[in-house]
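Everything on this sheet refers to the single structure shown next.
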Amino acid sequence: MSNQKISWGIAPIGWRNDDIPEIGKENTLSHLLSDIVVAGFQGTEVGGFFPEAKVLNKELKLRNLRIAGQWFSSFLIRDGLEEVAKEFHKHCAYLQEVNAAVAVVSEQTYSIQGTDKNVFTEKPTFTDEEWIGLCQGLNELGKIAEQYDLKLVFHHHMGTGVQTIEEIDRLMEHTDPKHVHLLYDTGHIYVSDGDYTALLNKHIKRIKHVHFKDVRATILKQCEDNGHSFLQSFLNGMFTVPGDGCIDFTEVYQVLLDYNYQGWVVIEAEQDPSIAHPLEYALIARKYIDEKILKKTALA
Ligand SMILES: O=C1C[C@@H](O)[C@H](O)[C@@H](O)C1=O
Ligand SMILES: [Co+2]
C-alpha cells in the first residue's frame with residue numbers, strides 16, 4: 001500500500017447484510033475473512049453475525065487482518081442518553097477487545113432505513129428540541145468511546161434525520177469536535193444530494209472514517225422514479241463497489257491526501273450477494289484502487 005497512514009478495508013456488507021440478515025446467510029466468517037485476504041485488503045468492519053471477541057481475534061490473527069469499527073444504532077431521541085449509554089458501553093468494550101479504531105454511530109430514531117417507505121421522499125426530520133438532545137447525547141457518547149480508546153464517528157444515512165448536507169452541517173455545528181467526528185460515506189451523500197465533494201471539502205477536518213460506496217446512476221434514477229425503499233433500492237443494485245459506478249474516487253482520495261487524512265477507507269457496497277458475487281466485486285474494487293487511485297501497475 002503506497003500511503004501508510006491510510007488502511008484499506010472492505011465491509012462484510014457485500015457478503016452478508018445486517019439490514020436484511022437472510023441474504024448471504026451461507027457466507028461464513030471464515031469465508032468472508034479469507035475472501036478479504038484474497039482481495040488484498042487489510043481489514044474489515046464487524047458484522048452483526050460476528051462471534052465473541054476471542055474467537056474473532058483468533059480468525060483475524062490467522063489472516064493478519066484488523067478491525068476498523070462497527071455500526072451502532074443509537075436512539076438518543078427516542079430513548080434518551082442513559083438507556084443508549086448502557087448499550088454503547090458494551091459496544092465499545094467489544095470494539096476495544098478487537099482493537100478497533102472507531103465506533104460508527106447512526107441515529108435511528110424515526111429512521112425509515114428498514115421500512116418499505118419511499119426513501120427518496122419520506123425521510124424523517126427532527127424538531128429543534130430533538131436536535132439539541134441528539135447533539136448533547138452524541139457529545140456524551142463520544143466521551144464514552146474515548147474511555148475505550150475509540151473515536152465516535154457519526155454516519156449520515158439515507159432515510160434518517162441526518163441525511164442531507166444541511167443536516168450534517170447542523171450536527172457538526174452543534175457537536176463538540178473533540179468528541180464527535182464524521183464518517184464520510186460517498187454513496188449516501190451522493191444519493192441524498194447528487195453531490196459528494198461539497199461535504200468532503202466542507203468537513204474534511206472532522207472526517208475520521210470513510211466509506212467508499214459507489215452508485216449506479218441509471219439504477220438510482222429507476223429507484224427514484226419507482227419510489228423504492230432503501231432496502232429495495234440496494235437489492236435492485238443502486239450501490240456498487242468503486243470503479244463500477246459514477247463516483248470519481250480519485251478526486252476524493254486526493255482531498256484525503258491533501259488534508260493528511262489518517263485512518264481507514266472501507267469499501268462498502270451492499271448488493272444482493274446471490275446476484276453480485278462478493279469476491280468478484282471485491283476484486284473489481286481492488287483493481288480500481290490499485291490502478292486508478294494508487295496508480296500502481298501490476299509490476300510496481
Ligand atoms: O455503513 C453502513 C452500514 C449499513 O448497515 C447501512 O445500511 C449501509 O448503507 C451503510 O452505509
Ligand atoms: Co456506510
Side-chain angles (χ1 to χ4, degrees), residues 8-24 32 43-50 67-75 91 95 100-117 119-120 123-124 151-164 167-168 171 181-193 196 199-200 203 207-216 219-220 223 228-242 245 247 249 252 263-273 276 278 281 285:
W8 290 91
I10 187 160
I13 208 161
W15 286 258
R16 302 238 323 226
N17 194 309
D18 289 347
D19 290 339
I20 312 183
E22 311 82 79
I23 67 171
L32 162 73
T44 188
E45 291 186 2
V46 174
F49 67 99
F50 277 29
I67 290 296
Q70 183 181 16
W71 173 277
F72 178 82
S73 294
S74 66
F75 288 90
H91 185 83
L95 285 180
V102 296
V104 176
V105 173
S106 165
E107 177 64 16
Q108 288 290 313
T109 301
Y110 314 132
S111 169
I112 59 161
Q113 181 176 334
T115 73
D116 59 7
K117 288 194 174 160
V119 75
F120 302 99
K123 74 175 281 313
K151 281 191 168 62
L152 181 158
V153 289
F154 189 88
H155 196 316
H156 56 96
H157 202 287
M158 285 298 295
T160 71
V162 189
Q163 174 192 300
T164 64
E167 290 161 343
I168 301 165
L171 190 109
H181 312 279
L182 183 64
L183 184 161
Y184 167 62
D185 186 313
T186 52
H188 280 283
I189 195 64
Y190 180 74
V191 171
S192 171
D193 291 23
Y196 51 90
L199 173 61
L200 175 66
H203 293 298
I207 295 173
K208 299 291 176 218
H209 196 58
V210 176
H211 282 171
F212 270 14
K213 193 196 285 299
D214 211 343
V215 176
R216 294 186 178 100
I219 299 184
L220 165 60
C223 294
H228 280 335
S229 67
F230 180 69
L231 302 181
Q232 282 169 325
S233 299
F234 86 68
L235 286 176
N236 284 349
M238 180 169 80
F239 295 130
T240 185
V241 294
I247 293 180
F249 290 90
V252 174
W264 285 89
V265 174
V266 176
I267 308 304
E268 190 198 46
E270 57 257 59
Q271 308 194 65
D272 182 343
Y281 275 84

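Both ligands and their constituent atoms are indexed starting at 1 by order of listing. These numbers were taken from a predicted model, which means no experiment stands behind them.
In summary, H157 places no N/O/S atom under 2.8 Å from the Co ion (ligand 2), failing the contact criterion.
Ligand 1 has at least one atom lying under 4.0 Å from a heavy atom of D185. The closest approach between a heavy atom of L183 and any atom of ligand 1 is not below 4.0 Å. Between K213 and ligand 1 there is a heavy-atom distance shorter than 4.0 Å. At least one heavy atom of F230 lies less than 4.0 angstrom from ligand 1.
Scanning the protein heavy atoms around atom 6 (C) of ligand 1, the nearest turns out to be H157 NE2, 3.1 Å. Among protein heavy atoms, the minimum distance from atom 7 (O) of ligand 1 is reached at D19 OD2, 2.5 Å. In terms of protein heavy-atom proximity, atom 9 (O) of ligand 1 is nearest to E270 OE2, 2.5 Å. E268 OE2, 2.5 Å is the protein heavy atom nearest to atom 1 (O) of ligand 1.
Between the side chain of R216 and the backbone N or O of G237 there is at least one donor-acceptor pair closer than 3.5 Å. Distance alone, capped at 3.5 Å, is enough to place a donor-acceptor pair between the D214 side chain and the I247 backbone. The closest donor-acceptor contact from the side chain of K213 to the backbone of A269 lies at 3.5 Å or more, if one exists at all.
Considering CG of L220 and CG of N236, their distance stands at 11.5 Å, rounded to 0.5 Å. With values rounded to the nearest 0.5 angstrom, F249 atom CZ is found 7.0 Å from I267 atom CD1. The SG atom of C223 sits 11.5 Å away from the CZ atom of F234 when rounded to the nearest 0.5 Å.
Looking at H155, its N, O or S atom nearest to the Co ion (ligand 2) turns out to be NE2. The atom name of the N/O/S atom in E268 closest to the Co ion (ligand 2) is OE1.
With the Co ion (ligand 2) at the apex, H211 ND1 and D185 OD2 define an angle of roughly 110° (rounded to 10 degrees).
When non-hydrogen atoms are compared, ligand 1 lies under 4.0 Å from the side chain of Q113 (C-beta onward) but not from its backbone. Contacts between I13 and ligand 1 below 4.0 angstrom, taking non-hydrogen atoms only, involve the side chain exclusively.
Residues H156 and D185 have side chains in contact (heavy-atom distance under 4.5 Å, counting atoms from C-beta outward).
Short contacts between ligand 1 and W71, defined as distances under 4.0 Å to a heavy atom of the residue, involve ligand atoms 1 (O), 2 (C), 3 (C). Contact atoms of ligand 1 toward H211: 1 (O) (distance under 4.0 Å to a heavy atom of the residue).
Where the criterion is an N or O separation shorter than 3.5 Å, residue side chain and backbone included, H188 meets it with respect to ligand 1.
Considering every non-hydrogen atom in both A11 and T44, the closest pair reads CA-OG1, 3.8 Å. F120 and M238 get closest at one heavy-atom pair: CZ-SD, 4.0 Å.
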Audit row: H155, H188, ring pair (Phe, Tyr, Trp, His ring centres under 6.0 Å) steps and yes/no:
CA-CA 9 Å; H155 196 316; H188 280 283; 5.4 Å; yes
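A side-chain hydrogen bond (donor to acceptor under 3.5 Å, both in side chains) with H157 is found for one member of Q163, K123, Q113 and no other, namely Q113.
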